[in-house]
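Contents: one structure, followed by commentary.
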2 protein chains.
Amino acid sequence: MRPTVHDIAAAAGVSLATVDRVLNQRPGVRHVTREKVENAIRDLGYVRDVAAANLAKGRVYPLTFILPASDNSFMHGLNAEIRAAVARSATERTDIHIVEVPAFDSQALVRELETVAAEKPAGVALVATDAPDVRAAVDRLVHDGIPVVTLVSDLTGSLRHHYAGVDNIAAGRTAARLLGRFLGGAKGELAILAGSMLVRDHRERLEGFASVMAQEFPALHLTPVLEGRDDPEVAHMLIADALARNDGIIGIYSLGAGNRGLIRALKEKAVDRPLTVIAHELTAHTRAALLDGTIDAILNQDAGHEVRSAIRVLKAKADGLAVIDAQERIRLDIFLKDNLP
Amino acid sequence: MRPTVHDIAAAAGVSLATVDRVLNQRPGVRHVTREKVENAIRDLGYVRDVAAANLAKGRVYPLTFILPASDNSFMHGLNAEIRAAVARSATERTDIHIVEVPAFDSQALVRELETVAAEKPAGVALVATDAPDVRAAVDRLVHDGIPVVTLVSDLTGSLRHHYAGVDNIAAGRTAARLLGRFLGGAKGELAILAGSMLVRDHRERLEGFASVMAQEFPALHLTPVLEGRDDPEVAHMLIADALARNDGIIGIYSLGAGNRGLIRALKEKAVDRPLTVIAHELTAHTRAALLDGTIDAILNQDAGHEVRSAIRVLKAKADGLAVIDAQERIRLDIFLKDNLP
DNA sequence: CCAAATCTGATGTACGTAAATCAAAAAATG
DNA sequence: CATTTTTTGATTTACGTACATCAGATTTGG
């Protein structure tokens, strides 16, 4: 049987109340006494029964998710996953709030972070916009003792406790190698469609992609990045235009959202020549395109895993508990038409 | 606030004791009364607080894992992950036992299943050997009300509640497409290294591989399967021999274990000609080979996820709770040298 | 050394559920 | 209708922890 507070009290030769004071860092315990208790805790290998503690406290974890108000499939999916978590909140003792802020607007995000901080939640998850003032606002939250995890897009250099998202440099590198290998030594040009170079995850993907391409596939030449603003219409226009004007394009890497437009442009051009295409994020559109051969591979991050992981980590941090690192690593999914879920 | 048993009692106009009888299916409740209570439960949306219930019951989940006594990296890893779960058992209220049975020995497995059944555990996870008597033994366990999940290798047609492992047909298909695309339309022969065609997961991988190859890459010809018995020495011998005798081999699919031998054979032959190689299971050896270019891609199943998932599912089934399907789907990891964890 | 401040113990209640006991009520049986 | 059987209620204890209160002990400071 695992030891309880009673065992600790007995072993340390103190009362239950004193053990409680030590455990919950309440004042009124002399240094020597505190040490006796801490030794007993260590010796007996006591671990607090979190379930019982939560029951006694009637604890719920008020968590806030801050998302950009972007109108694309991925963000919709992320939102849906958070709402699914809300539906589970009764059994998970969470009380989740979702707030949306204008996309790419660091000031709005900072304001929201300050509003949220005032509510003293048990944890905050945010899709970070990469800016110094956001970093500062996040650091302030952390200083106030509020656990913070970044979601999907990280905020390196900040004090956030955890990042629930994929390694985007690795994603870009992987895309490059897949594309390079699929093209099998052919010589030609590559088009790159991004959302915006202002977003960190897109920049990182491009960085990884370009670096592997330069090192290992010198026969492939990268044309200037097309910024589609994650908008299907813009993406369509850019890709159609690029394909019309440049005969040498044999491959495309779409590292952002708005793939609906990309796919439409590809279908219109279908007869012309074979293109090898790699895109990000599995949605209804990209899935269909993968199955019909318009897209050759999809790199994906599982929004459901990211959300569940963020919640687990926030709860653990709020309780000062350890997390299973391997479990919280968000993996880069590579989908071919054969291994779709 | 979520409703409690007290609220149910009040709403149904019965006493706490009666609610308890209904909830825990104890006898002594008239049909009409039972219905009143059940209606109240439904109306108020009552969900039992599992944490409180477990606390009151002092419940622990005695779980048994049955593994084949195979001496390869993957099984060692699986074992290690289960032991890691044992280390967490205090906080997870589990009491996990690991038993090993001779590999590929269905009778031994059946005997063990019967021994285990007698101990009435809260759940059983097993790496299934695909045989009718095993199926029958598993079905008996299920009939006795013991939750069963298959691990790594499934037992289709049995009544097992869940399979914690990858879709091996999809894995084989994925390997085929990767290999086909990497070879970029070249014409030649492929060597296939398996452990044993008696194991279901290996058969399924081959089946998926062969089917995609036949349909989509007719220029690639499959040579007869080499059965390496998951033994590095045997694998080395077989591959070295095949490469020496067949000049036309341009690619290899290793769908089982014993990759240490394969890698050695490949390094010895390195100068001869470039080979495209895809292997299963990420281990120290395959990882090194992927990084140095000996292997081009690794397909992997995350043993840690499989174990944690199996435990979650067994506990949920034991409590009659729902599982989050998406969370329990074991994904096929595809590793290139760029996205290694 | 006394008073004040600080520390410690003893005790009780609470959280939501499980499980047991015993009494009381209702229903079924003859 | 009386008796037996079944069903229901009331109440209590327990699980492991949190938290509050109050009395008593010990340590400080003057």
Side-chain angles (χ1 to χ4, degrees), chain A residues 1-38 40-41 44-61 89-93 95 122 315 318-321, chain B residues 1-41 44-61 89-93 95 122 318-321:
Chain A
M1 275 285 89
R2 53 189 287 209
T4 73
V5 276
H6 294 86
D7 302 322
I8 303 300
V14 302
S15 79
L16 222 72
T18 303
V19 174
D20 182 68
R21 286 175 187 123
V22 172
L23 277 176
N24 296 293
Q25 19 219 13
R26 266 185 273 277
V29 183
R30 238 187 328 163
H31 189 66
V32 280
T33 315
R34 164 160 279 125
E35 288 211 321
K36 270 198 297 182
V37 174
E38 277 163 354
I41 289 176
L44 298 191
Y46 169 82
V47 270
R48 166 205 255 112
D49 183 328
V50 185
N54 284 345
L55 176 61
K57 276 194 284 212
R59 189 178 196 356
V60 289
Y61 300 82
S89 49
T91 48
E92 297 181 349
R93 303 189 108 84
D95 176 21
K315 288 173 72 173
D319 291 335
L321 297 177
Chain B
M1 273 287 90
R2 53 191 287 211
T4 73
V5 276
H6 294 87
D7 303 322
I8 303 300
V14 301
S15 78
L16 220 70
T18 302
V19 174
D20 182 68
R21 288 178 186 120
V22 172
L23 278 176
N24 297 292
Q25 18 218 15
R26 268 185 271 277
V29 182
R30 238 189 327 165
H31 188 66
V32 280
T33 316
R34 164 161 278 126
E35 288 209 321
K36 271 198 296 182
V37 174
E38 277 163 354
N39 286 337
I41 288 176
L44 298 191
Y46 170 82
V47 270
R48 166 204 256 112
D49 184 329
V50 186
N54 284 345
L55 177 60
K57 276 194 283 210
R59 188 175 195 358
V60 289
Y61 300 83
S89 49
T91 48
E92 298 182 349
R93 293 183 177 281
D95 176 20
D319 290 336
L321 297 177

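The phosphate of dG9(D) has OP1 or OP2 within less than 4.0 Å of a side-chain N or O from T18(B). Within the 4.0 Å cut-off from OP1 or OP2 of dC19(D), at least one side-chain nitrogen or oxygen of R26(A) is found. Contact annotation: R30(A) side-chain N/O to dT26(D) OP1/OP2 distance is not under 4.0 Å. Residue S15(B) has a polar side-chain atom (N or O) positioned under 4.0 Å from OP1 or OP2 of dG9(D).
Counting only heavy atoms from C-beta on, A17(B) has its side chain closest to dA20(C) among dA19(C), dA20(C), dT17(C). Candidate nucleotides dG16(D), dT17(C), dG9(D) were compared by shortest atom distance to the side chain of R21(B), and dG9(D) ranks first. For V5(B), whose side chain is taken as the heavy atoms from C-beta onward, the closest listed nucleotide among dC7(C), dA18(C), dT17(C) is dT17(C).
Nearest heavy atoms, L16(A) versus H6(A): CD1-CD2, 3.5 Å. In plain terms, the two heavy atoms of V37(B) and V14(B) that are nearest each other are CG2-CG2, 3.9 Å. Smallest separation of non-hydrogen atoms from Y46(B) and P3(B): CD1-O, 3.3 Å. Across all their heavy atoms, K315(A) and E92(A) have their closest contact at NZ-O, 2.8 Å. Between A40(A) and A12(A), the shortest heavy-atom distance links the atoms CB-CB, 3.9 Å.
Here dG16(C) presents its C1' atom at 12 Å from CD1 of I8(B), a figure rounded to the nearest Å. The CG atom of D20(A) sits 15 Å away from the C1' atom of dC15(C) (whole-angstrom rounding). Distance, K36(A) NZ to dT26(D) P: 12 Å, rounded to whole Å. Straight-line distance from the CG atom of L16(B) to the C1' atom of dA19(C): 12 Å, rounded to whole Å. Whole-Å rounding puts the H31(B) NE2 to dT6(D) P distance at 18 Å. What separates CZ of R34(A) from C1' of dT6(C) is a distance of 13 Å, to the nearest Å. Put simply, NE2 on H6(B) is 9 Å from P on dC15(C), counting in whole angstrom units. Following rounding to the nearest Å, D7(B) (CG) and dG16(C) (P) show an atom-to-atom distance of 9 Å.
Identified under the salt bridge (charged side-chain N to carboxylate O under 4.0 Å, His left out) test for residues 7-34 of chain A, with sequence neighbours left out: D20(A)-R26(A).
Using modelled atom types, one side-chain atom of R2(B) and one backbone atom of V47(B) make a donor-acceptor pair closer than 3.5 Å.
Contacts of G28(A) with the nucleic acid, taken as non-hydrogen atoms under 4.0 Å apart, include base atoms. Nucleic acid contact class of N24(A) (heavy atoms, under 4.0 Å, all strands): sugar-phosphate only.
Contact check on D319(B) versus R48(B) returns no salt bridge, with no Lys/Arg side-chain nitrogen under 4.0 Å from an Asp/Glu carboxylate oxygen.
Residues I41(B) and L23(B) are in side-chain contact: their nearest non-hydrogen atoms beyond the backbone lie under 4.5 Å apart. The shortest distance between side-chain heavy atoms of T33(A) and V22(A) does not fall below 4.5 Å.
Sorted by residue number, the members of residues 44-57 of chain A with any non-hydrogen atom under 4.0 Å from DNA chain C read L55(A), A56(A).
The C1' atoms of five pairs define one axis at each end of the helix from dC1(C)-dG30(D) to dG30(C)-dC1(D), and these two axes lie 20° apart (to 10°).
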